[in-house]
Q: 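What follows is a single structure, and I will ask about it in a moment.
In what follows, chains are A, B, ... by sequence order, proteins preceding strands, each numbered from 1.
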Protein chains: 2
Amino acid sequence: MPKKIDHEARKQDIAKATWQVILDGGIEAASVRNIANEANLSLGALRHYFSTQEELLDYAMELVKSRCEARIMQVVQQNYPPKQLVTKVLLELLPIDRESMAEMQVWFAFTLHLKYKHGKAFRQTDGIREAVQRALVFLSDSGQLKKEKDLAKETEKLYALIDGLAIHRFLNPELFSGEYTAEILTEYIDDLCKK
Amino acid sequence: MPKKIDHEARKQDIAKATWQVILDGGIEAASVRNIANEANLSLGALRHYFSTQEELLDYAMELVKSRCEARIMQVVQQNYPPKQLVTKVLLELLPIDRESMAEMQVWFAFTLHLKYKHGKAFRQTDGIREAVQRALVFLSDSGQLKKEKDLAKETEKLYALIDGLAIHRFLNPELFSGEYTAEILTEYIDDLCKK
DNA sequence: AGCATAATAATACAACTGTACTAAAAAAGG
DNA sequence: CCTTTTTTAGTACAGTTGTATTATTATGCT
């Protein structure tokens with residue numbers, strides 16, 4: 001039997017090449033040829049691991065998701081005090097460093113791609129809204145919130161703030177540093193809590 | 001001399017066809033052929049008004065911008081009390097009805113398009129951040145703000161909230177009604193002001 | 001009417017897309 | 001060494017893209 005290759009590891013390499021291509025040229029540049037080039041593979045070789053473009057994009061997106069979830073789980077397992085924990089978790093949703101910036105762009109490009117592909121049938125499946133909600137419920141249960149607020153609306157505000165900050169940092173990375181972005185979110189959460 | 005046609009009006013028709021195409025299929029669908037079809041024109045006819053695709057997209061984008069500005073100016077000229085005025089102005093930045101939803105999608109698709117086209121050289125030119133800032137300065141000068149806040153940071157928060165809400169409504173239009181979106185923004189501004 | 005010219009239509013071309021197919025290369029088992 | 005099967009490379013095909021070119025239509029002025 002021939003060369004034994006770790007398919008999963010190889011697929012991850014290709015997924016990372018996909019991220020790089022999207023990072024450079026957006027989803028419009030994510031052609032199978034561009035990705036194969038970036039991964040130093042021939043078309044046929046690429047096709048051997050992903051038989052269709054959709055399959056490849058799905059995989060690249062899932063990998064972003066699972067990596068983000070892993071980062072969050074790592075934060076959760078260390079036990080910080082409530083407010084600090086929530087802040088650290090939500091900071092993981094922002095594109096602070098180069099890596100999370102890439103992930104965010106992939107997530108974004110891909111979400112748009114799915115939105116237009118499925119039209120009215122599209123539903124967001126990343127559990128970000130739910131995560132934000134859980135964070136607020138946790139703060140509330142811990143008695144940290146300033147006063148009894150409408151948790152549903154507070155969730156939407158915080159969630160919107162997070163995605164808005166993410167987009168603004170994405171569009172203006174040099175005017176909008178990672179530290180400044182983090183500072184704004186931290187301050188917002190602090191305002192929600194009792195002094 | 002031959003048929004005399006109002007070029008500017010015609011260009012606006014084509015721009016609206018462009019919006020429709022982007023609305024249906026995203027920027028990826030905004031090919032000259034798709035747009036020509038939507039506008040019931042041949043390729044040659046379309047080319048008679050816009051000699052290049054970039055020129056067409058630029059025009060379509062500028063039209064969005066000027067229409068949005070016009071809506072805001074109309075609000076500003078009626079003189080509401082400060083808080084209500086600011087709220088009404090900022091509500092114009094959200095995709096509430098079908099028309100503003102289309103404009104927002106075009107703005108968004110196009111901003112992304114420019115971002116990836118110009119790479120690091122890209123700068124956002126829509127004056128939205130400045131508009132938000134002016135709104136807050138106006139509130140502050142009117143003595144409506146709850147306490148002395150860091151206006152720069154408050155601008156970023158409010159601006160992020162607006163764009164976050166816009167995106168969430170765009171991605172989930174039926175779970176996230178225009179009224180609900182408006183309510184959240186209104187409540188946020190209300191929280192900023194003295195009781 | 002007839003001419004000048006704006007407006008439209010039709011076609012062509014090179015580049016790129018996703019997918020498919022075929023054949024060559026490479027490596028582990030016997 | 002030699003077979004077997006994974007892995008890779010190369011090419012082909014049909015479709016779409018932006019742009020260019022050419023020809024045709026239609027209209028308003030003299």
Side-chain angles (χ1 to χ4, degrees), chain A residues 1-61 106 109-110 112-114 116-118, chain B residues 1-61 106 109-110 112-114 116-118:
Chain A
M1 285 125 195
K3 191 162 38 173
K4 194 181 80 184
I5 280 193
D6 183 341
H7 264 229
E8 217 50 45
R10 186 74 118 162
K11 283 174 133 186
Q12 293 198 8
D13 289 344
I14 299 176
K16 284 171 190 168
T18 305
W19 298 351
Q20 188 57 47
V21 170
I22 293 183
L23 204 71
D24 290 341
I27 194 79
E28 311 173 54
S31 69
V32 285
R33 280 174 181 79
N34 283 347
I35 294 169
N37 268 347
E38 179 73 35
N40 284 110
L41 291 177
S42 71
L43 269 183
L46 178 59
R47 203 168 152 54
H48 193 249
Y49 298 97
F50 297 100
S51 56
T52 178
Q53 186 188 33
E54 200 62 30
E55 197 180 320
L56 165 55
L57 293 179
D58 278 346
Y59 185 93
M61 180 63 175
V106 173
F110 203 76
L112 277 184
H113 178 69
L114 288 183
Y116 285 116
K117 193 180 139 208
H118 295 118
Chain B
M1 286 119 197
K3 191 160 38 173
K4 193 182 79 184
I5 279 194
D6 183 341
H7 264 227
E8 217 51 45
R10 186 74 118 161
K11 281 174 135 188
Q12 292 199 9
D13 290 345
I14 298 176
K16 283 171 190 168
T18 304
W19 298 350
Q20 188 57 46
V21 170
I22 292 183
L23 204 71
D24 291 341
I27 194 79
E28 310 175 56
S31 69
V32 286
R33 279 172 182 81
N34 282 347
I35 294 170
N37 268 344
E38 181 73 34
N40 284 110
L41 290 177
S42 71
L43 268 184
L46 178 62
R47 200 168 154 55
H48 193 250
Y49 297 97
F50 296 100
S51 56
T52 178
Q53 187 188 33
E54 201 61 31
E55 196 180 321
L56 165 55
L57 293 180
D58 279 347
Y59 185 93
M61 180 61 176
V106 173
F110 202 75
L112 277 185
H113 177 69
L114 288 185
Y116 283 117
K117 193 179 139 210
H118 296 116

Q: With heavy atoms under 4.0 Å as the rule, sort Phe50(B) into base, sugar-phosphate or nothing.
A: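 Since no nucleic acid heavy atom lies under 4.0 Å of Phe50(B), the category is nothing.
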Q: Return the value, rounded to whole Å, for the distance between atom CD1 of Ile5(B) and atom P of dA26(D).
A: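 In whole Å, dA26(D) P and Ile5(B) CD1 are 13 Å from each other.
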Q: Residues two or more places apart in sequence or in another chain: which of them pass side chain to side chain contact (heavy atoms under 4.5 Å, CB included) with Tyr116(A)?
A: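 Side chain to side chain contact (heavy atoms under 4.5 Å, CB included) list for Tyr116(A), sorted by chain: Leu112(A), Gln105(B), Phe170(B).
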Q: Can you confirm whether Tyr49(A) sits close enough to Ile5(A) that some side-chain heavy atom of one is under 4.5 Å from a side-chain heavy atom of the other?
A: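 Result yes, sub-4.5 Å side-chain heavy-atom pair found.
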Q: Is there side-chain contact between Arg47(B) and Val32(B), with at least one heavy-atom pair below 4.5 Å?
A: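 Contact flag for Arg47(B)/Val32(B) side chains = no.
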Q: Counting only heavy atoms and a strict 4.0 angstrom limit, can you tell me which residues of residues 11-22 of chain B come near DNA chain D?
A: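 By residue number: none to list.
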Q: Please confirm whether the shortest side-chain N or O distance from Thr52(B) to OP1 or OP2 of dG18(D) is below 4.0 Å.
A: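 Indeed not, no polar side-chain atom of Thr52(B) lies that close.
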Q: In whole angstroms, how far is the P atom of dT16(D) from the CD atom of Gln53(B)?
A: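 So the two atoms are 16 Å apart, to the nearest Å.
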Q: Quick one, which residues of residues 33-42 of chain A touch DNA chain D with a heavy atom under 4.0 Å?
A: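 Only Arg33(A), Ser42(A) qualify.
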Q: Atom CG of Leu57(A) and atom C1' of dT17(C): how far apart are they, to the nearest Å?
A: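 Rounded to whole Å, this separation is 13 Å.
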Q: Would you please name every residue forming a salt bridge (Lys or Arg N to Asp or Glu O under 4.0 Å) with Lys117(A), sequence neighbours left out?
A: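 Checked Lys117(A) against salt bridge (Lys or Arg N to Asp or Glu O under 4.0 Å); matches are Glu54(A).
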Q: Can you tell me the distance, in whole Å, between the OH atom of Tyr49(B) and the P atom of dG18(D)?
A: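 Interatomic distance, OH of Tyr49(B) to P of dG18(D): 20 Å.
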Q: Do any side-chain nitrogens or oxygens of His48(B) fall under 4.0 Å of OP1 or OP2 in dT8(C)?
A: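 Negative; the distance criterion is not met.
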Q: Would you please name every residue forming a side chain to side chain contact (heavy atoms under 4.5 Å, CB included) with Ser42(A), sequence neighbours left out?
A: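 Residues passing side chain to side chain contact (heavy atoms under 4.5 Å, CB included) with Ser42(A): Ala45(A).
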Q: Applying side chain to side chain donor-acceptor pair (under 3.5 Å), name anything that partners Glu55(A), two or more places apart in sequence or on another chain.
A: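 For Glu55(A) the side chain to side chain donor-acceptor pair (under 3.5 Å) partners, ignoring immediate neighbours, are Ser51(A).
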Q: By side chain to side chain donor-acceptor pair (under 3.5 Å), which residues pair with Asp24(A), not counting sequence neighbours?
A: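 In terms of side chain to side chain donor-acceptor pair (under 3.5 Å), with neighbours along the sequence ignored, Asp24(A) is linked to Gln20(A).
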Q: Return the polar atom pairs (N/O with N/O) between nucleotides 20-25 of chain D and the protein under 3.5 Å, or none.
A:
| from | atom 1 | to | atom 2 | distance (Å) |
| --- | --- | --- | --- | --- |
| dA20(D) | OP2 | Arg47(B) | NH2 | 2.4 |

Q: OP1 or OP2 of dA6(C) versus the side-chain N and O atoms of His7(B): is any pair under 4.0 Å?
A: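 No, outside the criterion.
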Q: Please round to the nearest 0.5 Å and tell me the distance separating atom NZ of Lys11(B) and atom CG of Asp13(B).
A: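 So the gap between those two atoms works out to 12.5 Å.
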Q: Rounded to the Å, how far apart are Asp6(A) CG and dT6(D) P?
A: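 Taking atom P of dT6(D) as the reference, CG of Asp6(A) is at 16 Å.
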Q: side-chain contact (heavy atoms from CB on, under 4.5 Å) between Ile35(B) and Gln53(B): does it pass, once the steps are laid out?
A: CA-CA 10 Å; Ile35(B) 294 170; Gln53(B) 187 188 33; 5.8 Å; no
Q: Could you tell me which residues satisfy side chain to side chain contact (heavy atoms under 4.5 Å, CB included) with Ala39(B), sequence neighbours excluded, listed by chain and number?
A: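 Ala39(B) satisfies side chain to side chain contact (heavy atoms under 4.5 Å, CB included) with Ala17(B), Leu41(B) once adjacent residues are dropped.
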Q: I need the CZ-P distance between Arg10(A) and dT7(D), as an integer number of Å.
A: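 Taking CZ of Arg10(A) and P of dT7(D), I get 9 Å after rounding.
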Q: Which residues pass the side chain to side chain contact (heavy atoms under 4.5 Å, CB included) test with Asp6(A), not counting sequence neighbours?
A: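 Once residues adjacent in sequence are excluded, the partners of Asp6(A) under the side chain to side chain contact (heavy atoms under 4.5 Å, CB included) criterion are Glu8(A), Ala9(A).
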